[in-house]
Number of protein chains: 4
Amino acid sequence: MAPRSDEQFEQIRQQSRKNIQETALELFARQGYHSTTISQIAKAAGVSKGLMYNYFASKDDLLQKLVEEEVEAGVFALELAQQSFLPPYQQLELIVEETIRAVQTDVRHWKLLTTLSMQEEVMQQVKELLPQKMKESMALMIELFAKMGVPNPETEAWFFGATLDGLFLHYLTAQGTDIVYPLESMKQKLLSRYVAYKATNS
Amino acid sequence: MAPRSDEQFEQIRQQSRKNIQETALELFARQGYHSTTISQIAKAAGVSKGLMYNYFASKDDLLQKLVEEEVEAGVFALELAQQSFLPPYQQLELIVEETIRAVQTDVRHWKLLTTLSMQEEVMQQVKELLPQKMKESMALMIELFAKMGVPNPETEAWFFGATLDGLFLHYLTAQGTDIVYPLESMKQKLLSRYVAYKATNS
Amino acid sequence: MAPRSDEQFEQIRQQSRKNIQETALELFARQGYHSTTISQIAKAAGVSKGLMYNYFASKDDLLQKLVEEEVEAGVFALELAQQSFLPPYQQLELIVEETIRAVQTDVRHWKLLTTLSMQEEVMQQVKELLPQKMKESMALMIELFAKMGVPNPETEAWFFGATLDGLFLHYLTAQGTDIVYPLESMKQKLLSRYVAYKATNS
Amino acid sequence: MAPRSDEQFEQIRQQSRKNIQETALELFARQGYHSTTISQIAKAAGVSKGLMYNYFASKDDLLQKLVEEEVEAGVFALELAQQSFLPPYQQLELIVEETIRAVQTDVRHWKLLTTLSMQEEVMQQVKELLPQKMKESMALMIELFAKMGVPNPETEAWFFGATLDGLFLHYLTAQGTDIVYPLESMKQKLLSRYVAYKATNS
DNA sequence: TATGAATGAGATTTCATTCAT
DNA sequence: CATGAATGAAATCTCATTCAT
């Protein structure tokens with residue numbers, strides 16, 4: 001009889017919103033943004049079409065919010081390493097391992113992000129977000145290579161980043177085909193390049 | 001055998017077709033496949049909507065044909081190098097230089113290809129094409145590294161390919177932003193890894 | 001008879017109801033009936049959407065109730081004049097002045113009424129209300145002009161009414177533009193037509 | 001076999017466009033803008049829903065174009081009189097008669113215009129158009145009264161305009177009810193006010 | 001009595017494709 | 001071979017109303 005409390009309402013909203021977002025991400029990643037309809041999302045999420053518009057202003061807005069959250073998650077590995085206070089080489093190892101783990105865990109999400117980063121049709125805000133995150137990541141990597149004592153840390157950071165992302169590009173492309181991508185030996189090869197800088201505390 | 005007018009017709013057909021394809025590629029790359037309408041392509045190409053259906057059975061078919069041609073162009077650098085009969089290291093140099101040149105020349109085309117390779121919503125045939133070309137390229141690269149005498153040529157080929165494609169991914173992402181991507185020094189760095197194998201036949 | 005709390009409840013109800021009505025009138029007048037949503041009214045009135053349905057059966061019903069009250073207010077000037085027991089010409093003056101005052105005071109309300117009177121899409125009941133009130137007003141005006149001794153009081157009443165309403169139509173149309181409508185001199189001109197009938201009872 | 005000529009296409013377009021516009025005007029005027037759906041217009045016009053969007057960018061745009069044309073028609077009587085080179089009083093007569101004729105002929109169109117002029121929800125352009133036309137009309141009327149030798153031609157023009165429009169407001173409101181509006185005697189009364197200025201050439 | 005999340009019917013809009021000329 | 005008006009299926013979006021709490 002008494003109306004639900006503000007906290008109850010807030011909780012319901014959070015849950016519904018999350019439900020819609022996660023369903024949408026799943027479908028966008030599997031079928032692509034344009035090929036996924038609001039009806040499909042609603043049906044998959046078990047809610048009415050209209051409800052989506054209680055939480056997101058439009059289909060575009062939904063994608064927007066989704067990508068923003070995903071992009072934030074994208075630099076997680078780097079921040080994790082930085083805050084681990086491990087020696088630089090071990091941080092590098094951690095970054096590589098964590099990133100591989102993330103990509104393996106969520107192939108679809110990363111495909112979505114990669115696709116969107118290429119598409120100029122995606123909304124302005126997203127287009128601004130990605131290069132910005134790219135810069136932030138690069139800054140962290142440059143700092144790390146500098147600490148390790150690698151010559152030309154900036155060039156090295158770009159190179160390392162390119163190889164890492166190239167690995168994922170290939171890995172993602174190989175998914176769903178009969179190609180078995182040698183992710184593990186690639187990881188070893190990538191790290192082996194910097195193994196000389198490992199023995200910092202000997 | 002056929003009367004000359006037939007040949008002329010054929011030539012006109014080819015030109016018209018090519019015109020439509022190139023216009024479509026430009027627009028698909030700039031706006032994405034779904035956000036580009038048949039009307040836009042027709043207007044930009046200076047032909048009628050109806051005419052498009054003389055050359056392509058559908059919008060999907062147009063994309064299909066487009067991607068097929070683009071993918072063929074994608075291994076051009078590798079074949080060029082192979083047929084140059086240069087020493088292996090010089091072939092590698094040629095591959096890197098030619099590929100960079102190609103990507104720089106036609107940013108949009110490569111964005112399109114990369115995007116499409118990620119999208120599961122794109123038609124089945126396209127999806128099959130890319131991994132196949134990936135395999136072909138890998139085979140050529142493995143052979144090249146083997147000739148150069150690099151240990152574990154297979155792993156090396158994957159690694160090399162990942163770095164090269166990662167470079168392009170970053171380069172493409174950086175386009176249209178204020179990031180100036182150090183393509184040239186990346187190229188040097190990539191090749192420097194194999195410089196030890198340069199003087200194999202002296 | 002009823003316990004005091006019932007009276008209090010009733011008072012609260014009346015206040016809440018009036019609050020909703022006035023907010024709705026404001027919004028309907030500013031944005032039009034169809035462009036105003038129940039949500040907007042609820043938010044602006046500071047109540048929940050659900051509560052609105054405690055007081056009004058539907059959005060249409062809300063408009064209905066609103067218009068009824070407004071229409072009642074519309075003949076107020078005439079009744080006021082009639083009950084003043086002033087000489088006829090002074091009654092005419094009073095009617096003009098009071099009506100002008102009312103329109104100036106509440107531009108939005110009058111815009112709404114005028115708009116609604118034109119729209120056949122508005123519910124049947126409202127459509128019946130306005131001509132009825134029009135007739136009532138005309139009856140009062142005819143009586144007044146007859147008392148003043150104006151020839152053809154019926155035609156004169158229609159003419160007077162047309163001019164008065166025409167003034168308001170123009171005045172309302174001019175609101176929000178850079179046109180400064182000469183309401184005062186129009187008033188003088190309108191009354192000057194009947195000034196000859198002023199000194200009838202001296 | 002040969003495609004239609006440009007002229008043929010243009011003619012088809014004109015016809016289709018006109019068909020849609022007139023059907024829409026009829027329905028908007030009868031039911032109001034918001035209560036009329038694109039489906040209704042399409043069905044009544046005997047075309048598909050989609051076709052409307054070949055000619056009008058949106059439902060709003062359709063209304064926009066419609067109102068623009070109607071507003072243009074609104075000053076037709078004034079211009080007609082001005083270009084008749086009749087003596088001023090006869091021009092006034094002509095204006096009154098032509099305007100009455102126009103309103104009688106097309107009750108619905110004028111109801112629509114009057115309604116829209118009141119609604120702030122109608123698009124910006126229309127809102128700007130009406131006061132502008134109002135000014136133009138007033139300028140013409142002031143000139144006319146000045147030529148007639150009426151004192152204070154400006155005030156007189158406003159007054160005349162108000163009465164004329166008031167007549168129509170009442171006439172339109174009376175339509176569809178059992179009130180028989182005395183349009184003819186109103187006309188006489190309106191003109192009689194200026195009959196003293198008739199004998200300009202005696 | 002009061003709340004606002006949720007519904008769903010129905011509105012607007014898009015656009016690949018067809019087809020008469 | 002060439003045209004673009006017309007179609008219609010399917011998409012996105014709106015919002016009055018309901019209802020569990």
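Just so it is clear, the values below take in all heavy atoms, side chains as well, and ignore hydrogens, waters and symmetry mates.
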J.: Does this structure show an ion pair linking Arg30(B) with Glu26(B), if we count only N-O contacts that are shorter than 4.0 Å?
T.: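 Yes, Arg30(B) and Glu26(B) are salt-bridged.
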J.: Rounded to the Å, how far apart are Glu7(A) CD and dA5(E) C1'?
T.: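 Whole-Å distance recorded here is 16 Å.
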J.: Apply side-chain contact (heavy atoms from CB on, under 4.5 Å) to the pair Gln14(B) and Lys18(B), showing each step before the final yes or no.
T.: CA-CA 6 Å; Gln14(B) 287 305 327; Lys18(B) 200 182 163 201; over 6 Å; no
J.: Within the 4.0 Å limit for protein heavy atoms, which parts of nucleotides 13-19 of chain F are touched? Write it as a string from 5' to 3', B for base, S for sugar-phosphate only, - for none.
T.: BBBSBB-
J.: Quickly work out the Ile41(A) CD1 to dA11(F) C1' distance and round it to whole Å.
T.: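 Computing the Ile41(A):CD1 to dA11(F):C1' distance gives 12 Å.
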J.: Please work out which residues in residues 9-17 of chain D have a non-hydrogen atom less than 4.0 Å from an atom of DNA chain E and list them by number.
T.: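 Result for residues 9-17 of chain D: none.
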J.: Side chains of His34(C) and Ser35(D), heavy atoms from C-beta outward: is any pair under 4.5 Å?
T.: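 Touching, per the 4.5 Å side-chain cut-off.
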J.: What pair of heavy atoms forms the shortest contact from Ala44(B) to Thr23(B), and how long is it?
T.: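 Looking at all heavy atoms of both residues, the shortest contact is CB-CG2, 3.4 Å.
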J.: Would one find a side-chain N or O of Ser48(B) under 4.0 angstrom from OP1 or OP2 of dA2(F)?
T.: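 Answer is no, no contact under 4.0 Å.
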J.: Does any part of the side chain of Ile38(D), heavy atoms only, come nearer than 4.5 Å to the side chain of Tyr53(D), both counted from C-beta?
T.: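 The answer is yes; the side chains approach within 4.5 Å.
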J.: Taking atom P of dG4(F) as reference, at what distance in whole Å does atom CD of Gln40(B) sit?
T.: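 One finds 17 Å between P of dG4(F) and CD of Gln40(B), rounded.
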J.: Is the phosphate of dA2(F), meaning OP1 or OP2, less than 4.0 Å from a side-chain N or O of Tyr55(B)?
T.: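 Looking at the OP1 and OP2 atoms of dA2(F), one of them is under 4.0 Å from a side-chain N or O of Tyr55(B).
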J.: Do you see a donor-acceptor pair shorter than 3.5 Å between the side chains of Tyr33(A) and Asp60(A)?
T.: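 Asp60(A) and Tyr33(A) do have a side-chain donor-acceptor pair below 3.5 Å.
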J.: Which pair of heavy atoms, one from Leu62(C) and one from Gln21(C), lies closest together, and at what distance?
T.: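 Where Leu62(C) meets Gln21(C) most closely, the heavy atoms are CD1-CG, 4.2 Å.
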J.: List DNA chain E stems (3 or more consecutive Watson-Crick/G-U pairs, under 3.5 Å)?
T.: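 So the stems come out as E:2-21 with F:2-21.
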J.: Phe56(D) near the nucleic acid: base, sugar-phosphate alone, or nothing, with a heavy-atom cut-off under 4.0 Å?
T.: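 Touches nothing.
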J.: With a cut-off of 6.0 Å (strictly less than), are more than 12 heavy atoms of other residues, nucleotides or ligands near CD of Gln11(D)?
T.: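 No, CD of Gln11(D) has 12 or fewer neighbouring heavy atoms, counting only those of other groups under 6.0 Å.
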